[in-house]
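Scroll down for the structure; my scribbles are underneath it.
Protein chains get the first letters and strands the later ones, always in sequence-line order, with residue 1 at the start of each.
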Number of protein chains: 2
Amino acid sequence: MKLITRNTDYALRAVCYIAQQKKVITVTELVNVLGVPRSFMRKILQKLSKEKILESYKGQGGGFRLRILPKKIFIVQIMRIFQGPVSLNGCFLKKDVCPNKGKCLLRKKINIIENNALMQLRQINIASIIKG
Amino acid sequence: MKLITRNTDYALRAVCYIAQQKKVITVTELVNVLGVPRSFMRKILQKLSKEKILESYKGQGGGFRLRILPKKIFIVQIMRIFQGPVSLNGCFLKKDVCPNKGKCLLRKKINIIENNALMQLRQINIASIIKG
DNA sequence: GCTAATGATACCATATTAGTATCTTTTGTC
DNA sequence: GACAAAAGATACTAATATGGTATCATTAGC
Ligand code: FES
Ligand code: FES
């Protein structure tokens with residue numbers, strides 16, 4: 001039961017680091033600091049760049065920088081980018097199986113938990129992580 | 001981001017059904033009611049039996065029955081059986097990478113969310129689902 | 001002894017996750 | 001302009017988890 005996968009995790013840390021440094025950071029630097037495989041890190045950063053979280057500069061002296069303020073980057077965004085839509089689960093059974101149709105208590109209870117977790121998750125942004 | 005996998009889901013419903021019927025139930029009956037592949041259902045029930053949630057009877061007239069009261073079967077138990085330990089995730093990075101060591105805020109925040117979700121999950125038992 | 005049930009086990013298919021490799025493009029520096 | 005250092009694009013591979021199937025052994029009632 002993993003809420004966060006490895007690439008999301010790496011992405012979060014990369015973004016945190018970049019946010020703290022406040023300058024253009026190269027993959028090389030990130031790889032050295034985080035100890036993550038280079039190619040993997042590259043892929044992750046490229047995606048973050050495509051998704052408008054980071055801004056990239058090619059060529060010598062290039063690298064990555066935040067495109068938006070740390071307090072405007074929420075971890076659910078990052079999760080969505082690497083893990084798809086953030087919602088816990090639907091019902092696996094074929095229609096008409098559930099005795100109470102739309103009133104399935106199991107589903108209801110799980111949905112409540114899901115919503116609570118999501119509401120909490122949604123409040124976490126990069127700023128709230130790095131200013132500790 | 002799946003909180004519950006398919007086998008857990010099937011297991012939960014099977015247990016609910018068995019709890020409601022209050023008699024020995026065969027795989028055949030469950031398969032008919034839930035519309036789940038037979039072999040898969042068998043595997044799931046056998047596991048539940050091994051894990052002392054169900055009691056099984058071999059031979060003609062055999063089948064499965066609850067071994068403990070519905071209110072004593074918590075869904076986290078079932079999740080643990082099919083999905084391993086219920087916790088959202090640890091830290092993927094190698095030791096000494098996190099700048100604040102034991103005080104990593106990201107980790108802390110995720111742990112809080114995890115604990116809240118778990119506390120809620122832990123309160124759900126089979127009895128609370130079926131008496132709706 | 002037959003049949004209807006579960007137990008044990010091994011296998012297969014698919015999807016997701018994690019990671020690698022390679023070639024192209026851009027840009028600053030000499 | 002050549003070179004080197006960076007990211008962009010893309011395709012491939014490996015490992016793991018999930019979902020499911022198949023088969024033979026064992027037990028117990030009739
Ligand atoms: S069985 Fe699907 S919602 Fe209850
Ligand atoms: S980096 Fe692992 S806990 Fe912070």
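B:Gln60 has its CD atom 10 Å from the P atom of C:dT3, to the nearest Å. As a whole-Å value, the separation of A:Lys47 NZ from D:dA7 P is 18 Å. Residue B:Tyr10 contributes atom OH, which lies 14 Å from atom P of D:dT18 at whole-angstrom precision. The nearest whole Å value for the distance from the CZ atom in A:Arg38 to the C1' atom in D:dG8 is 14 Å. Rounded to a whole Å, the NZ atom of A:Lys52 is 13 Å from the C1' atom of D:dG8. Put simply, CD1 on A:Ile4 is 19 Å from P on C:dT16, counting in whole angstrom units. Rounded to whole angstrom, the span from the CD1 atom of B:Ile44 across to the P atom of C:dA8 amounts to 16 Å. If you measure from atom CE of A:Met41 to atom P of D:dA7, you get 11 Å, rounded to the nearest angstrom.
When each of D:dG19, C:dA8, C:dG19 is scored by its nearest atom to the side-chain atoms of B:Gln46, the top-ranked nucleotide is C:dA8. Considering only the side chain of B:Val27, C:dT6 comes nearest among D:dG8, C:dT6, C:dG19. Looking at the side chain of B:Asn7, the nearest of the listed nucleotides D:dG8, D:dG19, C:dA18 is D:dG19.
Within the 4.0 angstrom heavy-atom criterion, base atoms lie near A:Ser39. Within 4.0 Å of B:Gly61, counting heavy atoms only, lies no atom of the nucleic acid at all. A:Thr28 comes within 4.0 angstrom of nothing in the nucleic acid, heavy atoms only.
For the pair A:Thr8 and A:Ile75, the minimum side-chain heavy-atom distance is 4.5 Å or more.
A donor and an acceptor atom, one from each side chain of A:Arg65 and A:Ser56, are nowhere located under 3.5 Å apart. Side-chain contact, B:Thr28 with B:Arg38: a donor N or O sits under 3.5 Å from an acceptor N or O.
Along DNA chain D, the nucleotide nearest to A:Thr26 and the one nearest to A:Lys43 differ in position, and the one closer to the 5' end is contacted by A:Thr26. Annotation: of the two residues near DNA chain C, A:Arg42 and A:Lys58, the 5′-most nearest-nucleotide partner is A:Arg42.
With respect to A:Ile126, the side-chain contact (heavy atoms from CB on, under 4.5 Å) criterion is satisfied by exactly one of A:Leu12, A:Ile68, A:Leu66: A:Leu12.
Rounded to the nearest 0.5 angstrom, B:Met79 CE and B:Ile124 CD1 are separated by 9.0 Å.
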